[in-house]
Amino acid sequence: MDFDLFVIGGGSAGVRCARISAGHGARVGVAEERFWGGTCVNIGCVPKKLLVQAGEYGAWAEDAAGFGWTIEKGPHDWAKLIAAKDREITRLEGIYRKLLANAGATVFDGRASFVDPHTILVNGRTVTAERIVIATGGHPERPEIPGAELGIISDDAFYLKAMPKHVAIVGSGYIAVEFAGIFRALGAEVHLIYRQPLPLRGFDSDLREALAEALAAQGIILHPGCHPEKVEADGDARVLTFGGGQALRTDLVFFATGRKANIRGLGLEKIGVETNPRDAVKVNEHLETTVPHIYAIGDVTDRVNLTPVATAEGHALADTLFGDRPRSVSLHNVPSAVFSTPPIGTVGLTEEQAAALGPVDIYLTRFTPMRHNLTGRARKTTMKLVVDAATQKVLGVHMLGEDAPEIVQGMAIAVVMGATKADFDRTIGIHPTAAEEFVTLRTRTRTTDMAKAAE
Ligand code: FAD
């Protein structure tokens, strides 16, 4: 065999797996067809957060007046922002590539596919490997409606030549609400069109309600309960028909309607690697596919599609195969964030999920952050604890408000360790902060059981 391990895909999962395996002394080959670092670095988490931060500066410039500053807010230069973002992404992509080379992996810039269970075709050459890892990630999907190709997807949003003045975003998952906040903060009129009654399906319902309110307070026009029907071109403009015949003329239709695993052209069918009906590669808890020496990690398995999960899986697999340290990654209590305006941080069970298992005590608070009493900005913070009524274990921590992702990362350690409400109560707060509310929530808001959760 040419390699002990061949990794297909140089994203968060693949780079980590290849780098750590090579560090353990394995002979590693890794192929990437588009950009090193994958989705997160190039068209995901990193550039997205830079765009969110661009929007925040605009709001701070306005809010400064409440604190005595006179700051004239000039126009925003989209081209300058995108150029700065591109420079940063190029720098990061270079680092990812160098990390692999320095670790001793053989790097292939090209698309890889299976010839047989131990043979890969890459750049017109065949290579053989003892073990193979599929780490090909996912891609955005457009809805199947007429004219869908006239709308953009998140991959395109990072390379728009000009900032649109009017945007219609279809969907209400985290990517949809994040971009709604970005475009709105940079000055566009933004419409959010989605099927559910509230945005962010799957998140805690108090947070979803608070988010809908926050989006509206930001001036985003919400269209809940609406299906997109068709998109038509009118010169450079787009006309989106939705919700039973309403038509919206806009500069940009943006579909944030879901993602699917990248398996096309890999040749999985001929080697016996099975996929589920959503095209995701099936794996067991050891990340093995239905072919024992072939593994799959990260978004291509479509379980918890987040970068830290992808890297953790890549690292665990490398340690298991070549580091004499077999281990697996728990997908329970994975904390996550939504970089909406303001952002969300969350870990553990929602009230609905927890109440389905047994009665839960709910502690909920909403308040205006201290600074906004002076700025006058209509922005509220919502914080919530979901506590097992029988054991008093904290099962879920949820927050929408400024710095929520930074705050909830620390809370996640407590939840993973199995902290109880009494542990939270005996922790002294840091004053004056929003975070201290999590350790001073003394009054139970309600107790919810299965019947009440179903109401
Ligand atoms: P990817 O990063 O997608 O990497 C797969 C790589 O494989 C790609 O580079 C692809 O080009 C390559 N590839 C595919 N097929 C082949 C082939 N046949 N041959 C060679 N190469 C191939 N996660 C967070 O944790 N926080 C966030 O804030 C966040 N924000 C996001 C925002 C957006 C807009 C998007 C789209 C995603 C975001 N994510 C976020 C999710 C995160 O980006 C993914 O979970 C993560 O990138 C998954 O890593 P991966 O290695 O599995 O896949």
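All values below come from the heavy atoms of this structure, side chains included, with hydrogens, waters and symmetry mates left out. Starting from 1, each residue takes its place in the sequence as its number. What you see is a predicted model, and the numbers here were worked out from it, not measured in a lab.
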>> How about OH on Tyr57, more than 12 heavy atoms from neighbouring residues, nucleotides or ligands closer than 6.0 Å, or not?
In response: no
> Does NZ in Lys282 sit with more than 12 non-hydrogen atoms of other residues, nucleotides or ligands closer than 6.0 Å?
Replying inline: yes
> For Phe203, what residues pass the ring pair (Phe, Tyr, Trp, His ring centres under 6.0 Å) criterion, not counting sequence neighbours?
Replying inline: none
>> When you measure from the centre of the six-membered ring of Tyr159, is the NZ or CZ of Lys85 closer than 6.0 Å and no more than 45° off the axis?
In response: yes
>> The test is salt bridge (Lys or Arg N to Asp or Glu O under 4.0 Å); show your working for Asp361 and Lys421 and say whether it passes.
In response: CA-CA 10 Å; Asp361 294 337; Lys421 180 67 170 62; over 6 Å; no
>> I'd like to know if Asp206 and Arg446 make a salt bridge, using a cut-off of under 4.0 Å between side-chain N and carboxylate O.
In response: yes
> Which residues pass the side chain to side chain contact (heavy atoms under 4.5 Å, CB included) test with Arg249, sequence neighbours left out?
Replying inline: Asp234, Ala237, Val239
>> Quick one, Thr375 with His372, criterion side-chain hydrogen bond (donor to acceptor under 3.5 Å, both in side chains). Give me CA distance, side-chain angles, the key distance, then yes/no.
In response: CA-CA 5 Å; Thr375 68; His372 294 309; 2.7 Å; yes
>> Closer than 4.0 angstrom, basic N to acidic O: yes or no for Lys48 and Glu178?
In response: yes
> Would the number of heavy atoms belonging to other residues, nucleotides or ligands and lying under 6.0 Å from CD of Gln53 be above 12?
Replying inline: yes
> What pairs with Asp63 under salt bridge (Lys or Arg N to Asp or Glu O under 4.0 Å), at least two apart in sequence or on another chain?
Replying inline: Arg377
> So His227 and Glu229, side-chain hydrogen bond (donor to acceptor under 3.5 Å, both in side chains) or not? Walk me through it.
Replying inline: CA-CA 6 Å; His227 292 251; Glu229 286 152 22; over 6 Å; no
>> Applying side-chain hydrogen bond (donor to acceptor under 3.5 Å, both in side chains) to Glu351 and Thr448, what does each step give before you reach the verdict?
In response: CA-CA 8 Å; Glu351 180 175 347; Thr448 308; 2.7 Å; yes
> In terms of ring plane angle, is the pair Phe183 and Phe254 parallel, tilted or perpendicular, where the classes change at 30° and 60°?
Replying inline: perpendicular
